[in-house]
Each structure stands twice: as C-alpha cells, then as structure tokens.
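Reviewing the structure listed below.
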Number of protein chains: 2
Amino acid sequence: MGRPTIDDVARAAGVTKATVSHAYSGKRPISATTKARIFAAAERLDWVPSSRARALAARRANAVGVVLSRDPAILASDAFFPAFISGVESVLAGHEIALVLQMVTGRTAEERAYRAMASGRADGVIVLDLHRVDWRVPYLRDLRLPAVLLGAYDAENPFSTVRTDDATPVRELVAHLRALGHTRIAHVSGPLDYVHSHARAAAYVESVGGDELLREGDFTAGSGRALTAELLGLPDRPTAVLYANDTMAIAGYSYARSRGLEVPADLAVAGFDDDHLSAHLSPALTSVSSDPFRRGKVAAERLLADLAGEPAESVTVDCTVLRLRASTAGPAPEAHPTPLEEELS
Amino acid sequence: MGRPTIDDVARAAGVTKATVSHAYSGKRPISATTKARIFAAAERLDWVPSSRARALAARRANAVGVVLSRDPAILASDAFFPAFISGVESVLAGHEIALVLQMVTGRTAEERAYRAMASGRADGVIVLDLHRVDWRVPYLRDLRLPAVLLGAYDAENPFSTVRTDDATPVRELVAHLRALGHTRIAHVSGPLDYVHSHARAAAYVESVGGDELLREGDFTAGSGRALTAELLGLPDRPTAVLYANDTMAIAGYSYARSRGLEVPADLAVAGFDDDHLSAHLSPALTSVSSDPFRRGKVAAERLLADLAGEPAESVTVDCTVLRLRASTAGPAPEAHPTPLEEELS
DNA sequence: GTGAAAGCGCTAACAG
DNA sequence: CTGTTAGCGCTTTCAC
C-alpha cells in the first residue's frame, strides 16, 4: 500500500484519471455530479496529489526560489530578511506555491544553487542584494530561469525589477538635519557595490555636496562602531551621522555615548530599515522604514505574473517612510565641537 | 530542444541511461573509462539532472521542510529564526538537499502545509515552537512524515528531538541577581503553552520560590512594555526583571528609563536569546545566548540521520551561555523602592 | 561490468 | 462532457 494515487480515486469514482485531474485543475468542464463524486472519493480515500508527479508531468515545480549569499552572521543581524520572506510567502500561500530557500557562501556554491533551481526545484527566483555589476543577471538569463530582481539594475536585462526609492528619504533626512542647524553630516554606508547602498550614498553625497564624511561600512555592528570612532576623531567632527542600517547606527551611538557624548544633544544619529527595536531604545532611533514585507509581496506577485506569461516589467514600490524620533531631535550642537580622541583597537 | 536529458548524455557517451544514472549515484560499479566518457559527455552537453524526475523516480524530494506558524510581526522581531535557518542550511548544502519554507497562519493552513510537505515536497520536516500539548505531533505521525522536534516534548512520540537546557541559565541568572542583593526578581515569560517558555518560567518559579512576580507576555515589545509597567506599579516593586527574550527586555528597560529609573542602578534587566544589538546597547543587556545556528545544524543533522534510517533519538544541545553585561551589574537598590505610579493606556 | 524495460503518479494532447 | 494514450526524465529491478 502507501498513499492512494489518482488512479485509486478515479476507480473509486468510476471515471478515468484524466477526469480526476481536470476536476481539480478546472482546465476542462466537468459535470457537477461527476465532480461531486470525484471529490467525495478523494475525500474518502484521503488522497493528496503527489507534488512530485505533478511537477514532472506539468513541467513546473510550483515553487519559487530564493538564494541568499550572505554571511550567516550578517543575516542574523538583519531585520530585512524575515519580513521580506513573510511578504513573499503571503502571496505564495494563496497559490499553493512553495518557497525554496538556499543559503550559500561563495560564487561556486551560488552558481550550483541557481542551477539546482533551474533543474526543476523552482519555476523562478527572486534575486536579492543586487550588485551594481552583477554576474547573476547574465547567468540567470543563460539558464533561462525566470527571475525578479530586487533593486534598480541599470544594465540591459530581460527581468522584471522591483525598485524602491532610497534617495528621497536620505534627502529628507539631510534636509531635516540641516533645518536643525547641522552642517557636518556624515554617512556610514553599506558596501558600495550594492545597488541600494550606492543609491543611498549617492543621494547623501548629492545632498550634502561632497563625500568628505562618507565612510563605507559593511552593515555589521563592528563596522558601525569602528567608523563612528573614526568620524568622531576627526578635527572637525560631524554632529550628525546617517547610517545605512540600524545595526550600525545603534553600535555607533552606543560608542558615542560610551565616549561621553549625549545623543542627540552632542550627536544626532539616524539609521535605515527601522529595526523592530529602534523605536524602543532610549533615545528612540530615527530611521527609515522600508516595508520589507510589502516589497516581498510585490516581488512575489511580479514573479507569479512573469510565470503566467506576462511581459517583464519594472515596478517601483513607494514604501519608505521617515520615522523621526528622539535621536535626531533638538538643535545641533555648537559649530565646532571638540573632536574625540581616536581610540585604539 | 530544451535542456538535455539523461538520454542525450547516454547516447553521447555510447551507453544506456541506467549506466549514466549509476555513474553518478555510485550504486553500481562502473568502469573508470566509461565513467570518464559519461562525465565528459555530461560536461559537454551541460547536463543537469532534472530534480523533478529524480524526485518522482526515487520517491524522495531531496528537500526538508519547515513550516512556521508565527505571526509575521513576531517573526520579524526574532533573532532566532534567521540564525536557525542558517544552521539548517549549513548542513543541507553539503548534501544537495533543499529547504522548503512555508509560513502560515491558522491551523487549517498549517495542516495544509504539512500535507503538502507529505505529498512529496519534502522528505521530512523540522518542527519549531512546540506547544506543551501539540496537535502537530500526532498529526505528523499519522501523515507518516519524518520529523525532528525542536524542544522537549514529553508525551509519547516516535520522533527525534533536539533539546536545550533552558533551566540552567535561568537558575544561574537568579543566583547571580540574588548574590547582588536582589530579593524581588520578576519574570516576564513568553506564552506559557510553549514548551520553552514554560521551561524557563518553571525554572524561574522554582528558583525564586513562587510565581507572584511572574507575568505572561507574548514576545512582542508591546507586551514587554505593558507588563513592565504593571510590575513597576506594584506596591513592592521588583528590582530585577528577567525577560523571555531581548525584545521584551529592551522594551521593558526603555519604559523604565522613560519613567526615570536607571538601569541597572534602580532596576536590573536581563533578556534571553542574545539579540545582535543587545551587546551594543548602553547599558549593554545581559542575556542568554542560545546559539540558534548550532541548534539548526544539529536538528538538520538529526533529520538526515532519521531519513537515512537511523532510529529516532533525543539529543540535547548544550548551547546556552549566560552573557552578563552592564544591565545587571552592580548592587541591588535598597530593599523597598518606591513603586512607580501605574500608567494608563 | 552493462543493457533493456518497467515503472514513479501525474498532465496533456488527441479522440470521440 | 469524458475516455485513451503518450509521455515527463529519471531510478531500479531483472537479465546477460
């Protein structure tokens, strides 16, 4: 024995398996009475169609893939990912489509992962953490694997894209700080070869008119701390720092406080991505929420549309909201604050 | 055309598909020369075996499943999940086994998800967030779906289990606080029908000798805040609070500070799970790190062993480490501190 | 050592 | 509206 098959159901209902199949897929009109008989039989036998057989015959996995090439340590400190996946799942669930996740380190492993997806594990993939020049884009094209890219990818490509306007909140933040009297505004970015880090950094440079106070971090608390130390050691130190994520911002402001600076009185601090803890810190951290759940939703919807045969399309999700909180409240400190002595280690 | 199949490779190598299949699986001795010819042909044709066909023929998906029934909002504020998944993936990757993730809300959806897994999407599942009486255990047994349970499940069941000793760190924490002079130690737990929340709460009750200062939270910042407000409004308020996760702890200590209390001078605070931000707060938060990565690793290894036919087994991962930090440093405040006035809303 | 052939449990033409 | 017949691309007996 073992699980019942479509043949068992067909026999029990007195029809052929084709009819059973169509009763469920609806790809062919079936009379209400036979349909009822079929469903009853299926129910009675407790039949669940084999997704393996279905996948092979229909040439589709009914699954979409996500391959993640982040360092686990960074992943763990990332508010984006779980929320994004939730958003993706929120649309997949309604279509009985599964999510296949693969975490890899290194290009070879990543290529293998995408080939596995293309070999039938998934019907399409969502690509995260786009680089400004990303080998995956031509690679996926060659694999003929449908994909949705998250982030603005400028080079010619056949894929749908889900974009977010990262520049506007950065500009607003700079304007806000300027209005409070800040003139030395720094930015600790993420790795600049990521499209989103680059977009934020570019908007910052454009807003403040230079990159003198731009430092490239890597999204970890460690880099937030180290670069903050460096910035605060400058002769004409910044009075405000924008970080590319909340993890670095919090590490940064903790460092500043450990050195005797008050936030926001001596140093204004803002993050990005609005970690769930940020509103609960004291002072609460100003941040930019970017609704990863919604972006996951849109990306999944877009991928399903692609899979349904619609032409690729680039959609922009308007989802960034500036959350002004205590860490950037109040006037800027006086013009030329004393620099902190640079710390060793 | 389309992708090459095993037949193309067989033809190109001058053998039959059976031989190709065996050349890769090693389930039959193949002469070195034909093997070489086969691999060369496969390489030349750029053949990737179809995982769909393979799954159907071999009756195994080469995938393991995780179905998550958490509210997306809680998931997003959870340091556990991404790290756990990383750990799982770290072992699956080496076996060319995929991870199928499904997020659901509600029992019906969860049952559907498990049936989908059993229908061939996955060869086994890892079950998280075990309840003290959990319908999934008999359900999965009836489905005959191999599973590994994360957490101590006491009722009779056929599954492998990955346990963690949650009680010891709680006892250590209480002992530590006692040594500092605290006598009124509270605990804000997670939902008590979860096995892990219950285990922590039970250890707490046993250590302090009563449940007068035990409050049941739900892991969200909101509940951390509300229950802290309630505890601090008590006539004989606690001078130390243990929270079942860092999110609640941070929300709690932010609340306390907003009401004028100093941490740890007026109130000692400890969390659980060691969020990546906790070490970077000021004061840094005492917490219990529980190495979710490692637990994911062990759970995945255990599941693979089950799938390989080994008998089910219960393993205990010794992975909790008490991270004593500033939020519990220094002596307890005087015996009967003034209660805070209870806050409305 | 290798080949031939029979499935795995569905979907999808092609008929009627 | 429903039945018949081929596959989908592998794995796995059973032969030799």
Side-chain angles (χ1 to χ4, degrees), chain A residues 1-39 41-42 45-63 96 98 115-116 118-123 307, chain B residues 1-39 41-42 45-63 96 98 115-116 118-121 123:
Chain A
M1 43 155 300
R3 303 182 203 285
T5 73
I6 195 173
D7 260 324
D8 299 324
V9 175
R11 208 167 310 119
V15 296
T16 59
K17 27 185 213 161
T19 309
V20 175
S21 174
H22 288 127
Y24 281 92
S25 71
K27 292 193 177 175
R28 184 198 255 191
I30 303 284
S31 81
T33 58
T34 47
K35 217 181 221 171
R37 249 184 313 135
I38 290 169
F39 291 160
L45 296 177
D46 196 25
W47 174 65
V48 182
S50 153
S51 29
R52 303 203 262 254
R54 207 206 276 274
L56 181 59
R59 291 177 187 69
R60 69 200 315 268
N62 285 307
E96 309 267 271
R115 308 191 89 206
S119 82
R121 278 202 191 291
D123 302 314
L307 293 177
Chain B
M1 41 154 302
R3 303 181 203 285
T5 74
I6 194 173
D7 260 322
D8 300 324
V9 175
R11 207 167 310 122
V15 295
T16 59
K17 24 185 214 161
T19 308
V20 175
S21 175
H22 288 127
Y24 281 91
S25 71
K27 292 194 178 176
R28 180 199 255 189
I30 303 283
S31 80
T33 58
T34 47
K35 218 180 220 170
R37 246 183 315 135
I38 289 169
F39 291 160
L45 295 177
D46 194 27
W47 175 64
V48 182
S50 153
S51 27
R52 303 202 263 253
R54 209 206 276 273
L56 181 58
R59 291 178 191 69
R60 68 198 317 265
N62 285 308
E96 310 266 271
R115 308 190 90 207
S119 81
R121 279 202 189 292
D123 302 314

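No experiment lies behind these values; they were computed from the predicted model shown. Lettering follows sequence order; numbering is per chain, from 1.
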For [X], which residues count as a salt bridge (Lys or Arg N to Asp or Glu O under 4.0 Å) partner, sequence neighbours excluded?
| X | answer |
| --- | --- |
| B:Arg28 | none |
| B:Arg121 | none |
| A:Arg60 | none |

Heavy atoms only: give me the nearest [X]-[Y] pair and the separation to one decimal.
| X | Y | answer |
| --- | --- | --- |
| A:His22 | A:Ile30 | CB-CD1, 3.9 Å |
| A:Ser119 | B:Ser51 | OG-OG, 2.8 Å |
| B:Trp47 | B:Ile6 | NE1-N, 3.5 Å |
| A:Ala55 | A:Ala61 | CB-CA, 4.2 Å |
| B:Leu56 | A:Leu56 | CD2-CD2, 3.3 Å |

Requested in this report: Using a cut-off of strictly less than 4.0 Å between a heavy atom of the residue and any atom of DNA chain C, enumerate the qualifying residues of residues 20-35 of chain B by number.
Outcome: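 Of all residues in residues 20-35 of chain B, the ones placing a heavy atom under 4.0 Å from DNA chain C are B:Arg28, B:Pro29, B:Ile30, B:Ser31, B:Thr34.
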Report task. Output the distance between atom CG (B:Asp8) and atom CZ (B:Arg3), rounded to the nearest 0.5 Å. Result ->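 Here the interatomic distance stands at 13.0 Å.
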**Report entry** Interface limits on DNA chain D, where chain B has a heavy atom under 4.0 Å of a nucleotide atom
**Finding:**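 Reading along DNA chain D, I get D:dG9 to D:dC14.
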Requested in this report: Could you list the residues that satisfy side-chain hydrogen bond (donor to acceptor under 3.5 Å, both in side chains) with A:Arg59, not counting sequence neighbours?
Outcome: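 Not a single residue meets the side-chain hydrogen bond (donor to acceptor under 3.5 Å, both in side chains) criterion with A:Arg59.
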Query raised in the report: What residues, two or more places apart in sequence or in another chain, satisfy side-chain hydrogen bond (donor to acceptor under 3.5 Å, both in side chains) together with B:Asp7?
Result: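 With neighbours one apart ignored, the set is empty.
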Which pairs would a plain distance check flag for residues 13-21 of chain A, meaning a side-chain donor or acceptor within less than 3.5 Å of a matching protein atom at least two apart in sequence or in another chain?
residue, atom, partner, partner atom, Å
A:Thr16, OG1, A:Thr19, OG1, 3.4

Query raised in the report: Sequence neighbours excluded, which residues qualify as ring pair (Phe, Tyr, Trp, His ring centres under 6.0 Å) partners of B:Phe39?
Result: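 Counting only residues at least two positions away or on another chain, B:Phe39 forms a ring pair (Phe, Tyr, Trp, His ring centres under 6.0 Å) with B:Tyr24.
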Query raised in the report: Where along residues 48-58 of chain A does a heavy atom come under 4.0 Å from DNA chain D, residue by residue in number order?
Result: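 A:Leu56, A:Ala57 - these, ordered by number, are the residues of the stretch whose heavy atoms sit under 4.0 Å from the strand.
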Query - Nearest-nucleotide 5' precedence on DNA chain C, B:Arg59 against B:Gly14 - result: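 Nearest nucleotide further toward 5': that of B:Gly14.
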Query raised in the report: Going 5' to 3' on DNA chain C, which nucleotide is the first and which the last to come under 4.0 Å of a heavy atom in chain B?
Result: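 On DNA chain C, the outermost contacted nucleotides are C:dG1 to C:dG9.
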Query - Helical bend (five base pairs per end, nearest 10°) for the helix from C:dG1-D:dC16 to C:dG16-D:dC1 - result: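 About 30°, once rounded to a multiple of 10°.
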Query raised in the report: Do A:Asp46 and B:Arg115 touch side chain to side chain, with heavy atoms closer than 4.5 Å?
Result: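 A side-chain contact exists here, since the closest heavy-atom pair is under 4.5 Å.
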Report task. Would you mind classifying the nucleic acid contact of A:Thr16 as base, sugar-phosphate or nothing, using non-hydrogen atoms under 4.0 angstrom? Result ->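 Base contact.
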